[in-house]
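Have a look at the structure below before the remarks.
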Amino acid sequence: MSDDQGLSCRDVVVAYGQHPALRGVSVQVAPGELVVILGANGAGKSSLLNALAGLVPSQQGEMLLGQQPLTDLPPHRIVEAGLALVPEGRGIFGDLSVEENLRLGAYSERARKQEQQNLALVYSLFPKLVERRRQIARTMSGGEQQMVAIGRAMMSAPAILMLDEPSLGLSPLLTSELFRSLRRVRDTGLGILLVEQNARQSLAIADRGYLLENGEIIGSDQAAALLADPAVQHAYLGGAAAKRAG
Amino acid sequence: MVILLTGLFLGGIYALIAMGLSLQYGVARIMNLASGEMLVAGAFAGFWVYTAFSVSPYVALFFVVPLAFAFNWLIYNWLLLPLVRRAKNRGQLEVDSILATFGMSFVLVGVMLMAFGGSYFSYSWLARPIELLGSNYSQNRVLAFAVAAVICGGLYLLINRTRLGLSIRAVAVDPRAAGLVAIDVKKVAALTFALGGAVAAAGGTLLSTFLTFDASIGVVFTIKALVIVIMGGVGDIRGAIVAALALGLAETLVATLLDPGLTLAAAYLLFILILLFRPQGLFGRSAL
């Protein structure tokens, strides 16, 4: 379904030399829905997000944002088109303050016009950042840095926001707080593509989910259905063995 | 007092080539060992304009700056961008760029030897005294300092008050994050590298008004620029300016009170002291 500004990719293949990371992956995210991709280490989750963001080349397949093809576009053009990424490790400007990070987020043409509104929106979603706006980013805690990273990505006025394992390194409490924030971000009308190993908490906030294993999508359904599915429960919600797969 | 002002005048112009290298290293991540040759090329241009046309050597700035900008931009895109693309980490890029620019410096020295011959050259222009604060200083040095200060001021405004400057600072802090906010990192790196080269060449034109040059003296200036950049903390413009003034002062002190031949030794001594007691430089962060 090609929504006005929805993200869709079809049969994407990514290989690093001889090693195939994605073997033909098709995924869709519409504005206003929160989609999660579950997979263990090595399943290909980061490769998918990096290929969509233009950070790694894809060998085959097409990627579209609305009607605009994303394949072969350089990363800064993809951000201009409306697709923002919060990478693993957050990707914030550690030596700059919170406010400088957020303002830099609005660097693109697309985002400049809405800078003030988006800044107000980000501060209303993450009130903790208001009092810390002049604090240097790398001196903040992991959870706070994550907020800065999401805020920074939202400042680029994206239609779709992608996050690569944002719960990594966060306590369960901070993770639920983070995921609640993501729900509020979705409610502002953005589409969210969330890549996670943390199945339980991410399925609890998602609308739909995909299962990625060894570079292939092996299942996709409404989030509630996935939560209730015994096979999913066994693979992702129960055994520690699932974390070592791939 | 004479020493103080003379040292500051000299340091002010050193600041230019140091800023050039700081921009190239801090933003484009290229340790440009040919920056001294860029400076010498600028000096030759000043010499040529004055001796061939009998006009102020500052006229040379009008074509030195755009030519050096274009030349360095080409160098970045043809010689250095392939290295950037294939470098897996910053350390590898530094090693590759050191080797590549080192080789390039030899090529440039050869070209200049061919064009201008191997002898020393200097010219006398505006060598009349001007009285400042009770002592006499050579007008050409004072003017060179004033122009250097204006150029440094312009660079400061560019980097801190314009949108392009914001993208330059962002790339200097974190190129990956800069890419995520729709900054075209490759374009910014190329522009900054070109700007750094143009600034170094302009510094050479200014220095030619009162120093003696030959085709192979570029390496001395590269070393001084490197000393200043490390002393001031990499990527810190304020630090580079302070360190440049300190070096100018130190050299003038040594040349006046000890022996002019010891200026380079003075520079190294200062460098060693800083590395021993504050290796991150005067203003640098602790993790270099």
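Chain naming here is simple, since letters A, B, ... match the order of the sequence lines and numbering starts at 1 in each. As the structure is a prediction and not an experimental result, all values here were calculated from the model.
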> Of the non-hydrogen atoms in Ala182(B) and Ser108(A), which two are nearest, and what is the gap between them?
Replying inline: CB-CB, 3.5 Å
> Using a cut-off of under 4.5 Å for heavy-atom pairs, which of Arg110(A), Met155(A), Arg112(A), Arg103(A) has the most such pairs with chain B?
Replying inline: Arg112(A)
>> Under the rule for side chain to side chain donor-acceptor pair (under 3.5 Å), what residues qualify as partners of Asp164(A), not counting sequence neighbours?
In response: Ser46(A)
>> Surrounding OH of Tyr123(A) (heavy atoms of other residues, nucleotides or ligands, distance under 6.0 Å), is the total greater than 12?
In response: yes
> Under 4.5 Å, heavy atom to heavy atom, which residues of residues 70-88 of chain B contact chain A?
Replying inline: none
> Can you tell me how far the CZ atom of Arg176(B) sits from the CG atom of Leu55(A), to the nearest 0.5 Å?
Replying inline: 8.0 Å
> Would you say Phe62(B) has more than 12 foreign heavy atoms packed within less than 6.0 Å of its CZ?
Replying inline: no
> How far apart are the closest heavy atoms of Tyr107(A) and Leu166(B), and which atoms are they?
Replying inline: CD1-CD2, 4.5 Å
>> Please check if the number of heavy atoms outside Asp72(A) that lie under 6.0 Å from its CG is greater than 12.
In response: no
>> Is it the case that atom CZ in Arg134(A) sees more than 12 heavy atoms from other parts of the structure closer than 6.0 Å?
In response: no
> What part of Ala106(A) gets closer than 4.5 Å to chain B, counting heavy atoms only: side chain, backbone, both or neither?
Replying inline: backbone
> What do you reckon, is CZ of Phe63(B) surrounded by more than 12 foreign heavy atoms closer than 6.0 Å?
Replying inline: yes
> Non-hydrogen atoms of chain B under 4.5 Å away: do they reach the side chain of Leu104(A), the backbone, both or neither?
Replying inline: both
>> Only heavy atoms, only distances under 4.5 angstrom. Which residues in residues 76-89 of chain A are near chain B?
In response: His76(A), Val79(A), Glu80(A), Leu85(A), Pro87(A), Glu88(A), Gly89(A)
> How long is the gap from CG on Leu180(B) to CZ on Phe93(A), to the nearest 0.5 Å?
Replying inline: 8.0 Å
>> I'd like to check the ring-ring contact (aromatic ring centres under 6.0 Å, His included) partners of Phe145(B); sequence neighbours left out, ordered by chain and number.
In response: Phe9(B)
> Who among Asp174(B), Asp184(B), Val173(B) has the most heavy-atom pairs with chain A under 4.5 Å?
Replying inline: Asp184(B)
